[in-house]
Protein chains: 2
Amino acid sequence: MFQGEYTNNMDEKGRVNIPASFRDVLQKSYNETSIIVARDPQNMCLRAYPQREWRRLLAKIGARPSNDRIVQAFKRTVISSAQEYSPDKQGRVLIPQSLRSYAGISKSAVFAGSVDTFEIWDATAWDEQLTASLALLQNQDLDF
Amino acid sequence: MFQGEYTNNMDEKGRVNIPASFRDVLQKSYNETSIIVARDPQNMCLRAYPQREWRRLLAKIGARPSNDRIVQAFKRTVISSAQEYSPDKQGRVLIPQSLRSYAGISKSAVFAGSVDTFEIWDATAWDEQLTASLALLQNQDLDF
DNA sequence: CGCAGTTACCCACCTTTACCCACTATGCGC
DNA sequence: GCGCATAGTGGGTAAAGGTGGGTAACTGCG
């Protein structure tokens with residue numbers, strides 16, 4: 001299970017190191033090495049899936065009527081952007097320009113575990129969204 | 001399966017490079033080299049089919065009554081524009097003027113994978129449609 | 001039948017990516 | 001505190017992907 005928050009730097013070539021703990025989870029819980037990276041349509045960030053989780057997502061989409069506007073929009077934004085990446089010997093992947101600019105990642109990238117996937121944020125965008133999330137929870141009556 | 005998003009430039013002769021990964025899929029999954037390119041009637045873009053997928057489409061059309069107005073419209077717009085193209089040694093195809101102007105492709109073209117076909121967009125048109133799709137998804141309660 | 005415009009084919013260059021090696025920083029055990 | 005292992009960073013090099021352009025064949029038209 002992916003959890004925890006890590007900050008790694010992207011170099012001039014556009015490569016970022018996947019946190020070692022995430023690579024461990026991928027290896028031990030999923031027995032995989034490569035990941036699928038795609039846009040997250042609801043946040044300005046990227047989302048990384050193990051193949052197994054990605055296939056589950058595809059199956060869910062496939063079960064819906066293909067002429068549904070939401071489904072079409074989802075395919076456009078998410079499926080089309082998705083690509084498989086296998087880390088190099090040092091555990092890094094090259095994030096393509098289109099995804100980089102979508103998430104606004106310039107240099108510092110934040111990896112945030114999200115149970116069965118993990119998110120990749122630009123560091124400053126992550127900070128903003130974090131304070132916003134905290135403000136939202138501030139006056140809530142949480143029963144957990 | 002065609003997935004991922006690539007941007008290639010069209011030269012003055014009207015040639016564009018088919019992304020290498022799409023050519024690989026065509027070769028490995030379909031054992032074909034050439035593609036069928038036709039208008040996409042529902043979007044301002046072109047759609048490229050492996051022959052096998054194209055024949056499936058034709059079969060679906062053929063199964064419908066030929067005096068159906070929708071079928072007739074579909075034949076006039078899609079079937080009539082369809083043509084087979086085989087990439088040159090460098091992996092490029094020449095997009096004819098009629099299709100180019102339909103999709104509004106001037107220079108920068110985006111190739112977007114769509115599982116068993118792929119779409120070809122003008123770069124700015126792609127951006128517009130992408131932001132529109134994102135806006136649609138923004139406040140949706142997606143359970144996938 | 002010749003000519004002009006277009007298409008197909010080929011060659012060469014340039015940019016990007018993949019792969020590898022080496023270095024630095026951090027944390028843990030002794 | 002010292003040394004080793006592991007994580008993360010920087011950069012060189014070879015191959016692949018993408019781009020530009022020249023020349024020959026082909027087609028349509030006068």
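Keep in mind that this is a model prediction, so the values were computed, not measured. A, B, ... follow the sequence lines: proteins, then strands. Residue 1 opens every chain.
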Under 4.0 angstrom, heavy atoms only, what part of the nucleic acid is B/Gln90 near: base, sugar-phosphate, or nothing?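 Base contact - B/Gln90 has a heavy atom under 4.0 Å of at least one base atom.
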Mind checking A/Asn17 for me? I need base, sugar-phosphate or nothing, with any heavy atom below 4.0 Å counting as a touch. base
Please examine the side chains of B/Met10 and B/Arg15, heavy atoms only from C-beta on, and report whether any two atoms are closer than 4.5 Å.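 No, too far: nothing below the 4.5 Å cut-off.
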Does any part of the side chain of B/Tyr85, heavy atoms only, come nearer than 4.5 Å to the side chain of B/Pro96, both counted from C-beta?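 Yes, side chains in contact.
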Is there a donor and acceptor pair, one atom on the side chain of A/Arg15 and one on the base of D/dG8, closer than 3.5 Å?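 No such pair is found, so the answer is no.
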Going by modelled atom types, is there a donor-acceptor pair between the base of D/dG21 and the side chain of B/Arg92 at under 3.5 Å?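 Such a pair is found, so the answer is yes.
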Quick one: [X] [atom1] to [N] [atom2], roughly how many Å, whole number?
| X | N | atom1 | atom2 | answer |
| --- | --- | --- | --- | --- |
| B/Met10 | D/dG20 | CE | P | 12 Å |
| A/Glu12 | C/dT16 | CD | P | 14 Å |
| A/Arg100 | C/dT16 | CZ | P | 11 Å |
| A/Leu94 | D/dA16 | CG | C1' | 14 Å |
| A/Asp24 | D/dT6 | CG | P | 11 Å |
| A/Asp11 | D/dG12 | CG | P | 12 Å |
| A/Asn8 | C/dT24 | CG | C1' | 15 Å |
| A/Asp88 | D/dG11 | CG | P | 16 Å |

Between A/Ser86 and B/Lys89, which has a closest nucleotide on DNA chain C that is more 5'?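 Counting from the 5' end, the first nearest nucleotide belongs to B/Lys89.
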Is the closest side-chain donor-acceptor distance between B/Glu128 and B/Trp126 under 3.5 Å?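 Absent: no donor and acceptor within the cut-off.
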Under 4.0 angstrom between B/Arg23 side-chain N/O and D/dG18 OP1 or OP2: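 For D/dG18, OP1 or OP2 has a side-chain N or O of B/Arg23 closer than 4.0 Å.
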Any side-chain N or O of B/Lys13 less than 4.0 Å from the OP1 or OP2 oxygen of C/dT7?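 For B/Lys13, the contact criterion (side-chain N or O under 4.0 Å from OP1 or OP2 of C/dT7) is not met.
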Are A/Glu32 and A/Arg23 close enough for a salt bridge, meaning some N to O gap below 4.0 Å?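 Between A/Arg23 and A/Glu32 there is no salt bridge, as every charged N stays at least 4.0 Å from the carboxylate O atoms.
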What is the distance from atom SG of A/Cys45 to atom CD of A/Gln129, rounded to the nearest 0.5 Å?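 Separation between the atoms: 8.0 Å.
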Take A/Asn9 and B/Lys107, find for each the nucleotide of DNA chain D with the closest heavy atom, and name the residue whose nucleotide sits nearer the 5' end. A/Asn9
